[in-house]
Amino acid sequence: MQEQNEFQPSFADPTQPMEAEERTFYRNSTRDLVSRVAYLIGVPKRMFENEHEPPQLDIYDRLDKEKNARIIRNLCLIRTAIQRNFKYINEGMRFEHRSILTMPEYVPVESINQLELDGVRFIKKSSIKLYQHIIEINRVISDRINNCKPLFPLWLNWEYIRDLIVMPDGLTEAGTKAAADRYYANRSDYPYQVYINWVPAKEGNVLYNDKRFATLLYEWHNDRFTEYSRVSDVSSYVKGSIYDFLEESEKVVMVVDCENSDPYRLCATLRNLDEQYTRKISRIILFNDVHAASAWKMLEDYTDLTVEHIMIERVKQNKSLVDITLTARACEEHYRNNVDSFLIVSSDSDYWGLITSMPHAKFLVMVEREKCGIDMKKALADSEIFYCFIDDFYSGNAEEIRRSALFKALNQTLSRAIHLNVNEMFDNALHATRISMTPAERQQFYEKHIRQMSLAIDPEGNVTIELKR
């Protein structure tokens with residue numbers, strides 16, 4: 001079977017029968033992104049409450065407490081209502097001199113009231129024509145939509161999401177008319193018949209799941225989405241096999257070759273396994289080399305399991321001793337500490353010797369898809385040793401450890417690069433210039449100029465510190 005990130009499906013209506021490969025592609029996808037988008041564009045709440053529909057109610061409840069998200073949703077709800085009922089609302093305004101505030105049958109009054117509570121008023125006295133209300137809604141959406149950027153992960157192109165919600169040329173009468181004509185002529189093709197900025201096509205429900213939505217979203221922008229581990233989880237078969245292995249074991253230890261594994265993917269894997277089963281793992285032993293990722297030192301902060309960290313020095317700089325140390329420790333755990341089962345996390349074939357040297361121990365191997373060679377996979381399969389790919393587990397829940405590792409590395413670099421005491425700096429400057437200041441003058445200068453100094457970064461990334469003048 002092709003790799004998931006190489007599979008380019010033709011997206012038919014997901015309510016229709018799918019080919020086997022296409023069903024495999026959609027399987028195990030998350031629905032976090034589509035729920036967030038559905039909330040913002042104004043998909044009715046009843047769709048979130050329906051357990052058979054993709055949008056998730058818990059995400060609706062979470063976003064409904066966020067003022068910025070709530071404002072965009074209510075503006076989009078009103079905009080869609082106007083697009084859908086433009087003729088009737090327009091006739092009411094022209095011939096009956098009614099306001100959209102007095103047409104609850106067409107315009108959701110609860111959305112207008114909530115916007116008032118959130119401090120947003122899009123109805124202007126000067127808006128005597130219906131399209132002027134749409135222009136004002138579009139203006140507020142354009143001004144506020146970037147406030148919702150933090151609601152989406154960094155790995156997703158925010159501009160693509162933004163483009164879905166902002167009406168093109170939406171501050172002109174011609175732009176609103178073009179959008180209305182397109183929507184009205186193709187309303188059944190829009191997700192849940194809610195307005196978005198796109199070229200309508202027979203795509204089925206584009207909010208079917210995250211994997212489908214992200215793939216389409218990038219295709220609409222002549223781009224390709226490849227981060228599938230962030231929008232899908234491993235199959236229930238793989239999880240079930242891991243749980244069976246743990247249940248059938250008496251004493252389990254996880255041994256990790258940090259040189260040949262990814263700390264973020266392992267963190268995601270552990271977080272996606274049921275604690276009821278993982279607590280059977282007595283400890284995780286990390287065999288780390290000085291050249292391995294620094295994030296391994298933080299893994300214990302993101303799991304409840306006991307973590308033992310073994311840092312292995314090199315005798316020769318070009319030769320790692322991780323594999324021999326791991327092998328020796330695994331043998332000790334088996335023969336001295338009665339560990340009967342091992343979870344080996346490594347894509348290195350060197351551990352085949354360890355596996356074959358302990359015939360009475362049980363093994364489950366976790367590898368990375370691209371790093372593990374076909375010969376190792378074949379040897380494991382022929383010996384009926386279960387293996388799985390840690391890069392197939394949902395990795396969206398590893399963002400926290402990624403950011404923490406990045407900030408830690410940045411702070412370490414800053415602490416090494418900057419060693420400056422501003423009080424000493426000020427004293428030296430006064431001495432060099434032969435300037436005398438009273439304590440009051442000194443304090444005033446310090447507060448106004450030195451405490452306010454800031455970093456300046458040029459286009460090449462070079463950093464300088466500037467005093468406020």
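All heavy atoms count here, side chains included; hydrogens, waters and symmetry mates do not.
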Does [atom1] belonging to [X] count more than 12 external heavy atoms closer than 6.0 Å?
X	atom1	value
Glu275	CD	no
Ile374	CD1	no
Leu154	CG	no
Glu250	CD	no

List in chain and number order the residues that pass side chain to side chain donor-acceptor pair (under 3.5 Å) with Asp169, two or more places apart in sequence or in another chain; answer none if no residue qualifies.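 For Asp169, the residues satisfying side chain to side chain donor-acceptor pair (under 3.5 Å) (neighbours in sequence not counted) are Thr172.
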Main-chain N/O of Ser232 paired to Lys211 side chain as donor or acceptor, under 3.5 Å: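 The answer is no, because no donor-acceptor pair under 3.5 Å joins these two groups.
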Under 3.5 Å side-chain donor-acceptor pair for Asp210 and Thr30: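 On atom types as modelled, these side chains qualify, holding a pair under 3.5 Å.
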Distance only, no hydrogens: is a donor on one side chain within 3.5 Å (strictly under) of an acceptor on the other, for Tyr302 and Ser404?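 Yes, Ser404 and Tyr302 have a side-chain donor paired with an acceptor closer than 3.5 Å.
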Pairing residues for Asp458 by the side chain to side chain contact (heavy atoms under 4.5 Å, CB included) criterion, not counting sequence neighbours: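 Once residues adjacent in sequence are excluded, the partners of Asp458 under the side chain to side chain contact (heavy atoms under 4.5 Å, CB included) criterion are Glu460, Asn462.
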For a side chain to side chain donor-acceptor pair (under 3.5 Å) with Tyr351, tell me which candidate from Asp323, Thr327, Asp257 qualifies.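 Looking at Asp323, Thr327, Asp257, the match for Tyr351 under the side chain to side chain donor-acceptor pair (under 3.5 Å) is Asp257.
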Please report the shortest heavy-atom distance between Met254 and Leu266, naming the atom on each side.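 In terms of heavy atoms, the two residues are closest at SD-CD1, 4.2 Å.
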Applying the side chain to side chain contact (heavy atoms under 4.5 Å, CB included) criterion to Lys239, which one of Asp233, Asp244, Asn28, Asp274 satisfies it?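 Result for side chain to side chain contact (heavy atoms under 4.5 Å, CB included) with Lys239: Asp233.
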Side-chain heavy atoms of Tyr387 within contact of Met376, under 4.5 Å: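 Side chain of Tyr387 against side chain of Met376, heavy atoms only: no contact under 4.5 Å found.
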Side-chain contact test, heavy atoms from C-beta onward, threshold under 4.5 Å: evaluate it for Tyr190 versus Thr80 and give yes or no.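 No, side chains not in contact.
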